[in-house]
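In each ligand, atom 1 is the first atom listed, and ligand 1 is the first ligand listed. Heavy atoms only: backbone and side chains are in, while hydrogens, waters and symmetry mates are out.
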Amino acid sequence: MAVTRVPLIAGNWKMNLDHLQSIAFVQKLAWSLRDAKHDYRACEVAVFPPFTDLRSVQTLVSADKLDLAYGAQDLSVHDSGAYTGEISGAFLAALDCRYVIIGHSERRQYHAESDELVAEKTLAAGRHGLVPVVCVGETADDLEKHGPSAVPVAQLDVVLQQLSGDADIVVAYEPVWAIGSGQAATPEQAQQVCAALRARIASTLGDEAAGRTRILYGGSVKAANIAGFMKQPDVDGALVGGASLDVDEFSAISRFRQHVGTA
Ligand code: 13P
């Protein structure tokens with residue numbers, strides 16, 4: 001049931017903010033949430049900075065005992081070896097990353113990442129105790145040709161085939177047409193696809209896994225529209241891009257309960 005899943009508000013910084021900027025940002029975000037008496041047990045907040053920021057973020061989070069979680073935006077399928085430019089999940093685990101984003105549509109599009117590679121990366125994350133945030137989503141063309149949930153469900157299926165019922169994953173439904181476009185899906189559209197994704201988790205990994213797996217919506221989320229998504233029974237949070245680069249906006253999204261009226 002939805003009540004047992006702790007919502008997750010995740011900020012994907014993409015290729016923005018260097019390590020110095022990341023320190024200032026995380027400090028301000030933590031202050032903003034502290035001032036608002038944010039209850040992290042009621043809504044987890046995570047940031048996904050570039051790789052080069054992670055050590056700085058780790059140092060700050062650990063020194064100031066912040067409750068913010070953080071993760072990387074990608075990882076290698078390999079654990080070590082002659083793979084120039086790649087980053088091992090082991091290195092991310094050593095930096096206390098809790099999460100890693102896998103299969104973001106920008107990686108699928110610009111780095112030709114296939115569903116199979118996304119599945120392999122999901123396994124690599126699991127080997128190192130990182131929780132994968134597996135991204136799926138259809139393009140505008142897919143939507144026209146195949147309807148709303150066929151492509152995201154098929155993408156997730158390839159990953160689920162590799163997992164067992166006790167797998168700990170987060171799924172992010174990000175329609176490609178909604179990313180960075182200012183044209184978010186409607187809460188009803190998001191709910192429809194998130195429900196289909198959950199049904200597929202239930203049929204492959206079982207009801208227990210489906211009941212505890214968090215499914216996020218992503219694509220032009222902002223403080224003004226987060227409440228509508230969070231009211232949906234199968235939407236357990238958001239993966240936020242552009243709006244996660246503004247401290248006040250991201251803090252307001254994280255405090256969505258105040259907009260929903262259940263703070
Ligand atoms: P926007 O919030 O900028 O649309 O980006 C969404 C996204 O891609 C998050 O991973």
Side-chain angles (χ1 to χ4, degrees), residues 7-17 21-22 25 29 43-51 53-54 57 68-75 92 97-111 113 118 121-122 125 130-140 142-143 148 151-152 155-156 159 169-187 189-190 193-194 197 214-230 232 235-256 259:
L8 171 61
I9 299 296
N12 174 10
W13 294 1
K14 307 191 180 183
M15 198 171 71
N16 294 291
L17 307 184
Q21 293 168 315
S22 78
F25 184 97
L29 178 62
C43 175
E44 197 180 354
V45 182
V47 293
F48 292 79
F51 288 127
D53 298 5
L54 287 170
V57 171
L68 280 168
Y70 55 90
Q73 299 173 15
D74 183 35
L75 87 173
L92 302 179
C97 286
R98 188 178 302 169
Y99 297 105
V100 59
I101 294 173
I102 295 177
H104 190 281
S105 63
E106 287 148 16
R107 295 213 58 89
R108 292 177 187 261
Q109 188 183 345
Y110 306 134
H111 300 271
E113 293 201 0
V118 171
K121 289 188 170 189
T122 304
L130 302 161
V131 177
V133 178
V134 178
C135 300
V136 296
E138 81 287 358
T139 62
D142 294 332
L143 183 63
V151 167
Q155 288 173 335
L156 183 62
V159 174
I169 67 165
V170 172
V171 177
Y173 166 53
E174 297 207 307
V176 179
W177 48 269
I179 294 176
S181 66
Q183 196 72 54
T186 65
Q189 281 174 313
V193 179
C194 290
L197 293 168
R214 289 174 295 177
I215 304 181
L216 316 181
Y217 166 76
S220 298
V221 169
K222 42 189 193 279
N225 63 18
I226 184 66
F229 294 111
M230 297 309 294
Q232 305 301 318
V235 178
D236 306 311
L239 185 53
V240 186
S244 77
L245 297 170
D246 179 315
V247 171
D248 294 333
E249 184 77 7
F250 189 59
S251 170
I253 294 170
S254 303
R255 291 179 280 115
F256 68 89
H259 317 278

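Looking at E106 next to ligand 1, no N or O pair under 3.5 Å apart turns up.
In summary, the atoms of ligand 1 found under 4.0 Å from a heavy atom of A178, numbered by their order in the structure, are 4 (O). Atoms of ligand 1 found under 4.0 Å from any heavy atom of E174 (numbered from 1 in listed order, with element): 6 (C), 7 (C), 8 (O), 9 (C), 10 (O). The contact set between ligand 1 and G242, taken as ligand atoms under 4.0 Å from a residue heavy atom, comprises 1 (P), 2 (O), 3 (O). Applying the 4.0 Å criterion to heavy atoms of L239 picks out, from ligand 1, the atoms 9 (C), 10 (O).
Side chain of K121 to main chain of L75: a donor-acceptor pair is present (N/O by atom type, distance under 3.5 Å, no hydrogens or angles). Remark: side-chain polar atoms of R108 are paired, donor with acceptor, to backbone N or O of C135 under 3.5 angstrom.
Legend: residues meeting ring-ring contact (aromatic ring centres under 6.0 Å, His included) with Y70, ordered by chain and number and at least two apart, are absent.
A donor-acceptor contact closer than 3.5 angstrom is absent between the side chains of H104 and Q73. Judged by distance alone, the side chains of D248 and S251 never bring a donor and an acceptor atom under 3.5 Å apart.
When every heavy atom of P7 is checked against every heavy atom of M230, the shortest pair comes out as CB-CE, 3.8 Å.
Ring pair Y217/F229 is parallel by interplanar angle, where below 30° counts as parallel and above 60° as perpendicular.
Assignment of S220 to the shell around ligand 1 is supported, since a heavy atom sits closer than 4.0 Å. Contact between K14 and ligand 1 is present, with at least one heavy atom of the residue lying under 4.0 Å from the ligand. Remark: distances from the non-hydrogen atoms of G180 to ligand 1 include one below 4.0 Å.
Closest protein heavy atom to atom 2 (O) of ligand 1: G241 N, 2.9 Å.
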